Q: 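Pasting a structure here, questions to come.
Proteins come first, then strands; the chains are lettered A, B, ... in the order of their sequence lines, and each starts at number 1. All values derive from a computational prediction rather than experimental measurement.
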Amino acid sequence: MSDKTLLDKAYDPKPVEERWGKFWLENGVFTADARSSKPKFSMVLPPPNVTGHLHVGHALSFTLPDIIARWRRMKGYNVLWLPGMDHASIAVHNVMEQALAQQGLTREELGREEFLKRAWEWKKKYGGIITGQLKKLGASLDWSRERFTMDEGFSRAVRKVFVDLYGEGLIYRDYYLLNRCPHCGTVLSDIEIEHREHQAKLYTLRYPIHDSSEWVEVATTRPETMLGDTAVAVHPDDPRFIRLRGRRAVLPLVGRLIPIIADEKVEKDFGTGAVKVTPAHDPVDFELGRKHRLEQVIVIDGAGRMTEAAGPDFQGLDRFEAREKVVERLREQGYLVKVEDYSHAVGHCYRCKTVIEPNLSWQWFVRIAPLAKEAIRAVEDGRIEFVPSNWAKTYFEWMYNIHDWCISRQLWWGHRIPAWYCRECGTVAVAMEAPPSCPKCGSGKLEQDPDVLDTWFSSALWPFGTLGWPEDTADLRTFYPTDLMSTAFDIIFFWVARMIMMGLKFMGRIPFRQVFINGLVRDLKRRKMSKSEGNVIDPLEMIEKYGTDALRFTLAALAVPGQDLSLSEERMAGYRTFANKIWNASRFVLMNTGPGSPTPAGPTAASGKPSLADRWIRSRLARVMEELDEALENFRFYEAADRIYHFIWDEFCDWYIELAKSDLKAPRSATPAVLESTLDHILKLLHPFMPFITEEIWHHLPGAGRSLALAEFPAPRPEWKDEAVEAEMKALQEIIVQTRTIRTENKIPPHRKVGLWLRPLPGADRAALDGRQDYILSLANLSSLKLTDRFPDGRPLLKGIAAGFELAIPQDEELDPAQEKLRLEKELAKLVQEIEKLSQRLRNESFLERAPQAVVEEVRSKLQELEQKKAKTEEHLGQVFGVK
RNA sequence: GGGCGGUUAGCUCAGCGGUAGAGCAUCGGUCUUACAAACCGGGGGUCGCAGGUUCGAUCCCUGCACCGCCCACCA
């Protein structure tokens with residue numbers, strides 16, 4: 001890729017990201033092959049709204065599956081990750097109508113046709129913003145298969161599903177009380193309502209009993225609805241109201257006589273124990289009304305304005321104005337008993353946050369129970385697995401209590417309901433295409449239902465509609481069912497559950513095998529990010545500042561299953577540093593193994609004798625490779641990230657490269673080859689997390705292929721693991737660290753070379769040391785030490801114990817006895833404390849009896865070791881400073 | 001009202017039955033020829049509270065407290 005063998009000194013993400021992002025797309029690196037013989041792994045992207053722009057939630061829920069996709073691809077799977085966009089009817093209406101309002105226009109004034117024309121133009125112009133941003137993130141999507149929920153094929157799929165369900169009686173039309181958003185001008189389904197706590201008032205009203213001087217008190221939070229009351233209800237067992245049974249009340253302000261009914265739904269202990277019933281404006285009252293065959297008087301229309309039925313005093317008023325006025329009138333006329341502060345939950349539109357208005361209208365519904373039954377079973381019997389598994393509980397709870405789904409919306413942008421009404425005979429014709437005439441009376445006067453379908457109705461078909469259904473395509477055969485659905489918990493009901501129902505219904509098979517639910521991204525105070533709070537972290541800004549790889553790695557490192565994550569910029573800065581670290585480690589490797597270097601990693605090196613460090617890093621690498629697979633298999637992104645991070649930084653950079661510096665000096669060393677191959681492995685292992693920088697560096701290595709994204713992910717190499725080598729290395733590391741500590745605490749300047757004298761403690765393996773003399777020497781160089789064979793008499797010594805060795809640093813100058821004494825005493829105190837803990841356990845007979853032998857043994861040998869150490873330390877103290 | 005999750009080092013978070021970990025911050029020392037966006041060393045936690053189970057609990061059980069979220073037809 002590049003002639004340069006030496007990379008720039010600091011890593012600059014921008015040009016690298018630009019170059020490789022473009023390269024991947026232009027070369028079809030992520031294009032799947034429906035006819036491949038490789039095992040397939042498929043996912044569909046949760047289609048972002050066309051109104052969307054990338055926020056950090058997207059960044060998370062696209063990065064995680066991308067890591068999986070890239071990992072699988074490198075492991076030899078035929079990976080399809082299919083992108084697309086959702087037409088998002090309500091959201092689009094919101095933004096477009098807002099724009100219209102600025103011109104003083106409403107959509108009605110514009111007309112349906114013109115509105116749709118503009119919507120399409122708008123989609124064309126702005127709809128691709130988020131997909132462009134997705135590309136920036138490095139998401140390895142197959143753009144050749146991009147779909148849109150309103151493209152022709154998909155729309156056809158939507159119509160077919162509607163027609164088929166209708167044919168089976170699973171879609172029906174009903175006159176029902178539903179949540180309507182007065183602002184958006186459409187009904188909403190139950191889950192599109194957000195409940196928010198309101199500090200409101202509870203009004204107690206007094207309704208006179210007809211033909212009597214008595215009255216009944218009722219409580220309400222919505223006095224304006226009293227104009228539409230058609231009953232008062234009490235509990236059948238409530239003794240207070242037995243005398244009122246069968247009587248009628250006179251509705252104040254209106255004068256209508258309304259029955260007093262008894263129903264068990266009424267809570268005896270709430271309010272006055274009697275409740276006003278408004279079947280046309282309250283969900284409970286609506287049910288009550290159907291049960292008791294009460295009249296429905298509509299006093300508020302869908303836009304939240306009072307109707308003619310509300311009476312001349314109120315007609316045309318907004319519902320909240322009407323509330324004030326009704327209360328005023330009631331007060332004037334003595335019907336208002338009291339007003340109390342009252343806090344309760346009020347439904348709001350999930351899009352525009354307007355208080356919803358229950359409203360009666362004709363709507364289309366999906367009869368959900370039969371579909372839900374199958375969908376429940378698919379999760380129960382494990383065909384579909386939720387990760388983390390506790391989300392299955394959320395899913396079940398909703399599915400068990402699921403209500404029929406209202407799918408019609410009074411909007412224009414979307415899939416128009418394929419139903420035609422005959423103006424002559426009133427027949428409803430449901431069909432894929434407009435029928436030329438009424439199938440019943442033959443009249444040509446047919447009118448299509450003006451409404452469109454709930455956006456989620458079409459999203460529900462995403463896993464198969466995007467693959468070509470209802471056609472029997474190669475893609476559909478190869479890639480359905482998909483393997484993984486990765487998404488956030490807030491759309492389990494909206495989307496996941498419905499995809500499962502529709503997939504089972506129309507494909508006869510589950511739409512995906514696993515559902516991975518990622519956490520929510522919160523700010524540092526654990527608050528949800530929202531524009532109004534002003535606590536939004538903009539991923540694009542982060543990319544600009546820290547690079548995409550750093551952003552991706554941060555998200556992965558914070559992605560603990562089942563946990564929301566608090567995104568911190570500091571953390572991201574840390575991973576930018578990590579990228580730079582990798583960059584520089586690679587520079588080191590390339591400088592020392594490249595063709596121009598004094599120690600090229602050619603065939604000679606490959607056949608050279610591996611040093612201890614060579615064998616050690618290989619062994620450690622083998623472990624990381626295993627752990628990474630395991631972690632990704634289980635969606636433990638944070639674990640994978642943490643593991644690779646520490647392997648690269650601590651083991652590869654801080655130890656191996658440092659050791660390599662002296663190993664490289666040995667004749668016929670294998671180190672250049674090991675350096676190069678370890679880097680190659682590191683790049684591959686890290687690529688799913690940090691695709692850009694790894695791809696860039698990889699192309700500087702000999703033997704790099706077309707793209708690292710298509711290279712083979714390192715397969716497990718158990719034969720590389722070497723316990724003995726790791727143990728030996730660990731001992732040597734301990735010795736080094738110990739000497740460094742001694743030096744630092746005695747303020748020996750880092751650059752001053754001092755001698756190191758080593759003697760195995762009784763019981764330690766002397767041979768292990770002897771055989772490694774030269775090696776220890778090179779290790780010692782790490783800390784400006786030189787190994788001395790002979791204990792130099794008569795000079796001050798700094799002493800320590802590490803890994804079964806007694807060590808001493810002879811000092812050329814006078815050392816500060818106070819300093820050294822302090823160090824040893826501190827050390828001693830620590831030892832005494834630990835020894836006490838351990839011996840306490842060993843003194844406990846129950847422990848000796850009941851704990852596993854291995855544990856007891858471990859404690860014993862640890863204790864022995866500590867005691868030896870303690871003895872030595874005391875000896876040092878006594879010897880050198882005369883302290884006993 | 002029902003359910004779910006959280007409470008571990010100054011901050012953000014891992015760990016979850018056998019002597020407490022990371023990143024950042026902090027203290028001390030280094031420009032050691034890949035990297036000062038670095039290197040070396042150190043300090044810092046009675047793991048929310050109270051009981052229980054266990055040889056042994058941060059980890060399991062019960063209760064409590066506080067924080068966050070989801071669901072819900074007490075008007």
Q: Write down the distance between CD (A:Glu194) and P (B:C71), rounded to a whole number of angstrom.
A: 8 Å
Q: Remember a base hit wins even if backbone is also touched, and classify A:Tyr342 as base, sugar-phosphate or nothing at under 4.0 Å, heavy atoms.
A: sugar-phosphate
Q: Give me the distance, rounded to whole Å, that separates B:C49 from B:U8 when you measure between the P atoms they each carry.
A: 10 Å
Q: Between B:G63 and B:C55, how many Å separate the two C1' atoms, rounded to a whole number?
A: 26 Å
Q: Sort out for me which residue in A:Ile517, A:Val515, A:Thr394 forms a side-chain contact (heavy atoms from CB on, under 4.5 Å) with A:Phe489.
A: A:Ile517
Q: Would you kindly give the CD-to-C1' distance between A:Glu264 and B:C73, to the nearest whole Å?
A: 16 Å
Q: Rounded to whole Å, please give me the gap between CG in A:Leu520 and P in B:G5.
A: 16 Å
Q: Whether the side chain of A:Asn401 engages the backbone of A:Glu397 through a donor-acceptor N/O pair (distance < 3.5 Å, no angle test) should be reported.
A: yes
Q: Write down the distance separating the C1' atoms in B:U54 and B:A72, rounded off to the nearest Å.
A: 41 Å
Q: Report which part of the nucleic acid A:Gln563 touches: base, sugar-phosphate, or nothing (heavy-atom distance under 4.0 Å, all strands).
A: sugar-phosphate
Q: Check the phosphate of B:C4 against A:Lys393, side-chain N and O only, distance under 4.0 Å to OP1 or OP2. Yes or no?
A: yes
Q: Could you state the CZ-C1' distance from A:Phe578 to B:C24, rounded to the nearest angstrom?
A: 16 Å
Q: Using whole Å, report how far CH2 of A:Trp391 lies from P of B:C71.
A: 10 Å
Q: Checking all strands, does A:Glu570 fall into the base, sugar-phosphate, or nothing category for heavy-atom contacts under 4.0 angstrom?
A: sugar-phosphate
Q: Any donor-acceptor pair under 3.5 Å linking the side-chain atoms of A:His292 with those of A:Asp263?
A: yes
Q: With a 4.0 Å cut-off on heavy atoms, is A:Arg841 in touch with a base, just the backbone sugar-phosphate, or nothing at all?
A: base
Q: Rounded off to whole Å, could you give me the NE2-to-P distance for the A:His348 and B:C70 pair?
A: 14 Å
Q: State plainly whether the residues A:Glu857 and A:Arg860 are in salt-bridge range, i.e. N to O under 4.0 Å.
A: yes
Q: If you check every side-chain atom of A:Arg850, which of B:C73, B:A75, B:U54 has the closest atom?
A: B:U54
Q: What interatomic distance, in whole Å, is found between P of B:U58 and the corresponding atom of B:C67?
A: 26 Å
Q: Could you check, using the six-membered ring where one of them is a Trp, whether A:Tyr546 and A:Tyr575 have ring centers closer than 6.0 angstrom?
A: no
Q: Checking side-chain polar atoms at under 3.5 Å, does A:Tyr350 have a donor or acceptor matched by the opposite partner on A:Glu194?
A: no
Q: Mind checking the P distance from B:G68 to B:G56? Whole angstroms is fine.
A: 38 Å
Q: Would you say A:Arg571 places a side-chain N or O within less than 4.0 Å of OP1 or OP2 belonging to B:C24?
A: no
Q: Keeping the roles fixed (side chain from A:Asn580, backbone from A:Arg576), state whether a donor-acceptor pair exists under 3.5 Å.
A: no
Q: Can you give one letter per nucleotide of nucleotides 27-37 of chain B, going 5' to 3': B for a protein heavy atom under 4.0 Å from the base, S for sugar-phosphate only, - for none?
A: -BSS---BBSB
Q: For A:Val275 and A:Phe847, take the nucleotide of RNA chain B holding the closest heavy atom to each; which residue's nucleotide lies nearer the 5' end?
A: A:Phe847
Q: Using atom P in both nucleotides, what's the gap between B:G43 and B:G21 to the nearest angstrom?
A: 13 Å
Q: Categorize A:Lys268 for me: base, sugar-phosphate, or nothing, with a 4.0 angstrom heavy-atom threshold over every strand shown.
A: nothing
Q: For B:C69 versus B:A37, give the span between their C1' atoms, rounded off to a whole number of Å.
A: 37 Å
Q: According to a 3.5 Å limit on both distances, what stems of 3 or more consecutive Watson-Crick or G-U pairs are formed with RNA chain B?
A: B:1-7 with B:65-71, B:10-13 with B:21-24, B:26-30 with B:38-42, B:48-52 with B:60-64
Q: Given atom CG of A:Asn401 and atom C1' of B:C70, what is their separation to the nearest angstrom?
A: 13 Å
Q: Taking the six-membered ring for Trp and the full ring for Phe, Tyr or His, determine whether the centres of A:Tyr342 and A:His344 are under 6.0 Å apart.
A: yes
Q: If you check the A:Phe270 side chain, which of B:G18, B:C74, B:G23 turns out closest?
A: B:C74
Q: For the residue pair A:Phe637 and A:Phe689, is the inter-centroid distance of their aromatic rings smaller than 6.0 Å?
A: no
Q: Just the rounded figure in Å: distance from P of B:C69 to CG of A:Asn518.
A: 18 Å
Q: Reckon A:Val855 touches a base, only the sugar-phosphate, or nothing at all at heavy-atom distances under 4.0 Å?
A: base
Q: Taking the C1' atom in each of B:U12 and B:U7, what is the distance between them to the nearest angstrom?
A: 14 Å
Q: Yes or no on ring-ring contact (aromatic ring centres under 6.0 Å, His included) for A:Tyr395 and A:Phe386, after CA distance, side-chain angles and deciding distance?
A: CA-CA 9 Å; A:Tyr395 170 81; A:Phe386 276 85; 5.2 Å; yes
Q: Quick one: do the A:Trp655 and A:Asp650 side chains pair a donor with an acceptor below 3.5 Å?
A: no
Q: Look at the side chain of A:Thr272 and the backbone N and O of A:Glu217, then say whether any donor-acceptor pair between them is shorter than 3.5 Å.
A: yes
Q: Starting at the 5' end of RNA chain B and moving along, which residue's nearest nucleotide shows up first, A:Asn390 or A:Thr741?
A: A:Asn390
